[in-house]
Structures are given as C-alpha cells and as structure tokens.
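The structure under discussion appears below in the form of structure tokens.
Heavy atoms only: backbone and side chains are in, while hydrogens, waters and symmetry mates are out.
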Amino acid sequence: MDKEKKILYSGMQATNTLTLGNYLGALKNWVSMHEEYECFYGVMDLHSLTVRQEPAEFRKNARSLYALYVAAGLDPEKNCVYYQSHVPAHTQLAWILNCFTYMGELSRMTQYKDKAAKHADNVNAGLFTYPVLMASDILLYQADVVPVGVDQKQHLEITRDIAERFNSIYGDVFTVPEAYIGKAGAKVMSLQDPTKKMSKSDENPNATVFLLDDKDTIIRKFKRAVTDSDAEIRYDAENKPGVSNLMSIYSAVSKKSYEEIEKEFAGSGYGDFKIAVGERVAEELLPIQNKYQELMKEKSFIESCMKNNAEKAFYVSNKTLRKVYKKVGLTELPRS
Ligand code: TRP
C-alpha cells in the first residue's frame with residue numbers, strides 16, 4: 001500500500017439499480033479520489049442480506065453494481081473495488097466488534113428503526129447489527145476518511161465510538177475515521193417532490209432517474225419535473241426547491257455555476273430548461289451506459305479485477321484482523 005496517502009473507504013449496497021442521485025452524490029466524486037487517497041470501494045452484498053433477496057436477481061444486481069462502478073470511471077486498477085462477501089475478515093471482525101457494541105446504542109440507530117418499521121415481518125438480528133458490520137468494513141482498512149451521505153452519518157459516528165472504545169482498552173489498533181466532507185457531491189432531490197431525496201424505491205416512477213434509463217425516458221422524467229409558478233430560473237432552494245434541484249443537477253453535469261446557469265437561461269421558460277437539463281444528463285450517462293453494456297458482455301475483465309482486488313483487500317484486512325485477534329487474547333494456530 002502507498003503509505004504516503006491517507007486511506008479512503010466507501011461502498012454501496014448491492015441492491016437495485018443506481019439512481020442519478022447515487023451517481024452525482026457519490027460515484028462521480030469517487031472516480032478521482034485515488035489521486036489523493038488510497039481507495040477501497042466495496043459492493044456491500046452482505047449488508048443487502050438484512051432484507052430478503054431473490055438469489056438470482058441479487059447476484060445479477062451485485063454484478064451490475066460492480067460494472068456500474070467501473071463504467072462510471074472507477075478504475076479497478078487504481079482503486080481496490082471488490083465484493084464484501086469475498087473477504088471473510090469483514091464478518092470475522094464483525095463478530096468481535098459485536099462484543100464491543102451495546103444493545104442500547106444499536107437500538108438508537110434511526111436506520112434500524114425505519115427499516116424495522118418497514119419490514120415488520122422480518123426484523124432480524126442482522127438488521128440490528130448492520131452498523132457493526134459497517135464499522136468492520138471501515139476499521140479493517142484503517143480508513144482515515146469515509147465519504148457518506150447524511151443518512152449514513154450516524155453509522156459513522158457509532159463506528160468512531162466502537163473504534164475509540166476498542167483502542168482505549170487495547171491501545172491504538174484502529175484508525176478513528178472521519179466523515180468525508182469535501183467538495184461535496186450534489187444532493188439530488190426527487191423530481192416529483194423536491195423536498196425529498198431522490199430514492200430508488202420511490203413509488204412515483206417519474207420521481208427518480210436511473211443510471212440505466214434511456215435518453216427518451218430521462219427527458220420525459222425531466223419534462224414532468226415539479227417546479228413552481230413564477231417561471232424564473234433562479235437558485236432559491238427554500239422557495240423554489242424544484243427549479244433549484246434542476247439547477248443543481250445541471251451544475252453537476254455541466255460544471256457551470258448557478259450564476260452562469262441563470263444567465264444562460266435568462267428569459268427562457270421552464271419547459272426549455274427542463275429539456276436542456278434532461279439532454280445534458282442523458283449525454284453524461286450515455287458513455288457510462290455503453291461501457292456498462294460492454295462490461296456486462298465481456299465478463300473476463302470484470303472477473304479478473306474482482307479477483308485481483310479481493311486478494312488485495314484480503315491481504316490488507318487480514319493484517320488488521322490478526323492484530324485484533326492477538327490483542328483480545330485469541331490463540332494463534334501453531335504454524336507447524
Ligand atoms: N450502509 C451504507 C449505505 O447503505 C453502505 C455501506 C456498507 C458503507 N458499509 C459501508 C458505506 C462502509 C461506507 C462505508 O449507504
């Protein structure tokens with residue numbers, strides 16, 4: 001590993017297809033992080049099992065996520081991109097850390113409470129200890145920074161608490177990670193209710209743009225985006241959330257500032273602006289979609305990256321795991 005660089009860790013769950021929000025808010029920004037950080041990105045398939053999955057579809061979604069990471073520009077030769085389930089240390093450390101995490105703190109996690117309410121017929125122990133597996137993901141790689149959305153900040157806090165607790169007993173074993181807040185990615189809101197985050201599980205099919213939507217679909221969704229009645233293209237997130245959301249999306253894909261966008265569309269109607277945003281988004285996504293199709297057809301490239309990176313992740317994570325096993329007093333297997 002490159003010791004000069006700080007370590008960055010992140011990942012997404014291996015479920016469903018990615019949205020424009022996942023792309024502009026996270027993935028697009030991940031692509032260049034390796035210039036500054038030693039980066040690890042996981043396909044978090046074990047986390048996805050906290051909700052019931054149809055096996056064949058699940059397997060396909062995980063592969064699709066890996067291919068989308070790569071198609072979006074995450075270079076698997078410059079970043080360690082791997083499946084969580086290919087590296088046993090994640091679950092091995094999770095067991096140990098379960099013994100250093102309190103029922104009380106886990107029951108305060110808002111994501112747990114939300115998911116338990118949503119899947120009342122399957123409130124399993126994995127859902128409850130989800131944050132401990134996430135802490136293991138991060139701590140195994142001695143990550144310095146973790147780019148996460150606001151919805152995951154509480155999980156990062158508990159990760160820090162667990163790391164500090166463990167370190168206070170056993171010495172400096174884990175790096176205590178920070179949330180990465182830098183050139184923050186765009187927070188993309190629903191096209192139908194711009195006060196809500198764009199979500200892959202929205203019931204309204206016009207609310208969410210998916211990374212694999214074709215051009216016509218993308219433009220149609222933008223045409224139907226909810227705006228306001230004063231017909232002026234001006235950034236004002238509070239009073240004009242719909243237009244502001246479109247501007248923020250346009251800004252993320254065109255690299256133009258809000259002032260530049262206001263100038264560009266001064267005197268234009270919402271209709272023209274919506275089409276322009278839709279076209280620019282479709283243009284941004286087209287090369288990703290083409291690359292994705294290519295990668296899904298030509299499996300050997302992805303497979304060899306998956307394998308090489310799993311080996312690297314295995315090596316790095318096992319160093320931390322061995323240290324932890326030793327610190328807590330587990331017995332090493334005699335070598336011969
Ligand atoms: N819980 C994260 C999410 O749903 C995914 C995740 C799992 C993750 N392990 C992680 C993110 C480690 C960052 C670091 O978005």
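- Between the side chain of Q192 and the backbone N or O of N204, no donor-acceptor pair lies under 3.5 Å.
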### Message
Could you go through L191 and V209, starting from their C-alpha distance and side-chain angles, then the distance that decides it, and tell me whether this counts as side-chain contact (heavy atoms from CB on, under 4.5 Å)?
### Response
CA-CA 8 Å; L191 296 184; V209 173; 3.7 Å; yes
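- Between the CG atom of L295 and the CD1 atom of I302 there is a distance of 4.5 Å, given to the nearest 0.5 Å.
- You'll find the side chain of Y41 reaches within 4.5 Å of the side chain of M33, heavy atoms only.
- The closest side-chain heavy-atom distance from S10 to W30 is below 4.5 Å.
- With no hydrogens or angles considered, no side-chain donor-acceptor pair links N61 and S64 at under 3.5 Å.
- Among all heavy-atom pairs drawn from N79 and C39, the shortest one is OD1-CB, 3.3 Å.
- T217 and D214 share a side-chain donor-acceptor pair at under 3.5 Å.
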### Query
Does the side-chain hydrogen bond (donor to acceptor under 3.5 Å, both in side chains) test come out yes or no for T19 and N22, once each step is laid out?
CA-CA 5 Å; T19 69; N22 300 129; 3.2 Å; yes
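- Between V43 and Y69 the shortest side-chain heavy-atom distance falls below 4.5 Å.
- Counting non-hydrogen atoms of other residues, nucleotides and ligands closer than 6.0 Å to CZ of R52 gives a total of 12 or fewer.
- Atom CG of L74 and atom SG of C80 lie 10.5 Å apart (nearest 0.5 Å).
- At distances below 3.5 Å, at least one donor-acceptor pair connects side-chain atoms of D213 with backbone N or O atoms of F210.
- Taking both residues in full, the closest heavy atoms of N29 and L24 are given as ND2-O, 3.1 Å, listed atom of the first, atom of the second, then distance.
- Heavy-atom neighbours of E332 CD from other residues, nucleotides or ligands within 6.0 Å: at or below the threshold of 12.
- Side-chain atoms of N122 and N124 form a donor-acceptor pair, as typed in the model, at a separation below 3.5 Å.
- The aromatic rings of H86 and Y83 lie parallel to each other, their planes meeting at an angle below 30°, with 60° marking the opposite boundary.
- Between the side chain of S136 and the main chain of A94, a donor-acceptor pair closer than 3.5 Å is present.
- If you take OG1 on T208 and CG on L20, they are separated by 10.0 Å, rounding to the nearest 0.5 Å.
- How far CG of D144 is from CG of L8: 9.0 Å, rounded to the nearest 0.5 Å.
- Using a cutoff of 4.0 Å between basic side-chain nitrogens and carboxylate oxygens, E284 and K28 are scored as salt-bridged.
- Residues passing the ring-ring contact (aromatic ring centres under 6.0 Å, His included) test with F222: none are found, sequence neighbours excluded.
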### Task
For Q84 and D137, run side-chain hydrogen bond (donor to acceptor under 3.5 Å, both in side chains): C-alpha distance rounded to whole Å, both residues' side-chain angles, the deciding distance at 0.1 Å, then the answer.
CA-CA 8 Å; Q84 184 187 34; D137 301 335; 3.0 Å; yes
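- In this structure the side chain of I138 reaches within 4.5 angstrom of the side chain of L156, judged on heavy atoms.
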Which pairs would a plain distance check flag for residues 258-268, meaning a side-chain donor or acceptor within less than 3.5 Å of a matching protein atom at least two apart in sequence or in another chain?
unit_1, atom_1, unit_2, atom_2, d
E260, OE1, S257, N, 2.8
E260, OE1, S257, OG, 3.2
E262, OE2, Y235, N, 2.9
E264, OE1, K256, NZ, 2.8
E264, OE2, Y250, OH, 3.1
S268, OG, F265, O, 3.4

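- Proximity of F166 to L97: side-chain heavy atoms (C-beta onward) are separated by under 4.5 Å at one or more points.
- Among residues two or more places apart in sequence or in another chain, the side chain to side chain contact (heavy atoms under 4.5 Å, CB included) test is passed with A89 by V87, Q92, L140, S317, N318, L321.
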### Message
Go through it in stages, so that I can follow the logic: the residues are N309 and Y66, the test is side-chain contact (heavy atoms from CB on, under 4.5 Å), and I'd like the CA-CA distance, side-chain angles, deciding distance and then a yes or no.
### Response
CA-CA 12 Å; N309 283 321; Y66 195 107; 3.7 Å; yes
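- Two residues are said to be in side-chain contact when any heavy atoms from C-beta on lie closer than 4.5 Å; L65 and M12 meet this criterion.
- Here the OH atom belonging to Y292 is positioned 13.5 Å from the CG atom belonging to L285, to the nearest 0.5 angstrom.
- Between Y130 and H155 the shortest side-chain heavy-atom distance falls below 4.5 Å.
- R280 places a side-chain N or O within 3.5 Å of a backbone atom of V253 that can act as its donor or acceptor partner.
- Using a 4.0 Å cut-off between a side-chain N of Lys or Arg and a carboxylate O of Asp or Glu, K196 and E203 do not qualify as a salt bridge.
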### Query
Passes salt bridge (charged side-chain N to carboxylate O under 4.0 Å, His left out), E303 versus R63? Steps please.
CA-CA 10 Å; E303 277 170 11; R63 174 180 280 276; 2.7 Å; yes
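- The pair R59-D45 fails the salt-bridge criterion, with no side-chain N (NZ, NE, NH1 or NH2) lying under 4.0 Å from an Asp/Glu carboxylate O.
- The minimum heavy-atom distance linking A143 with P177 is given by the pair O-CB, 3.5 Å.
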#### Entry: Verdict with supporting geometry, R165 and N167, side-chain contact (heavy atoms from CB on, under 4.5 Å)
CA-CA 6 Å; R165 184 173 305 147; N167 286 351; over 6 Å; no
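- Residues Y102 and I162 form no side-chain contact, since every pair of their non-hydrogen atoms from C-beta on lies 4.5 Å or further apart.
- Looking at Y141, F40, F314 one by one, the single match for ring pair (Phe, Tyr, Trp, His ring centres under 6.0 Å) with H90 turns out to be Y141.
- The OH atom of Y112 lies 10.0 Å from the OG1 atom of T129; values are rounded to the nearest 0.5 Å.
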### Message
salt bridge (charged side-chain N to carboxylate O under 4.0 Å, His left out), that's the test. Do K312 and E38 meet it? Break it down for me.
### Response
CA-CA 12 Å; K312 178 177 177 191; E38 171 88 25; 2.8 Å; yes
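- When all heavy atoms of G73 and V31 are compared, the closest pair comes out as O-CG1, 3.4 Å.
- Side chain of K274 to backbone of A225: a donor-acceptor contact under 3.5 angstrom is found.
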### Task
May I have the step-by-step check of side-chain hydrogen bond (donor to acceptor under 3.5 Å, both in side chains) for Y270 and D228, ending in yes or no?
CA-CA 9 Å; Y270 284 169; D228 52 61; 2.6 Å; yes
### Message
What verdict does the side-chain hydrogen bond (donor to acceptor under 3.5 Å, both in side chains) test give for S107 and E105, after you've listed the backbone C-alpha separation in whole Å, the side-chain angles of each residue and the deciding distance to 0.1 Å?
### Response
CA-CA 5 Å; S107 42; E105 56 189 348; over 6 Å; no
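- Counting heavy-atom neighbours within 6.0 Å of K115 NZ, excluding the residue itself, gives a total above 12.
- The shortest heavy-atom contact between Y23 and A72 is CE1-CB, 4.1 Å.
- Looking at every heavy atom in both residues, S244 comes nearest to D236 through OG-N, 2.9 Å.
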### Task
List the steps and the verdict of side-chain contact (heavy atoms from CB on, under 4.5 Å) for V316 and Q142.
CA-CA 9 Å; V316 176; Q142 306 291 352; over 6 Å; no
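- One side chain, Q154 or T110, offers a donor N or O that lies under 3.5 Å from an acceptor on the other.
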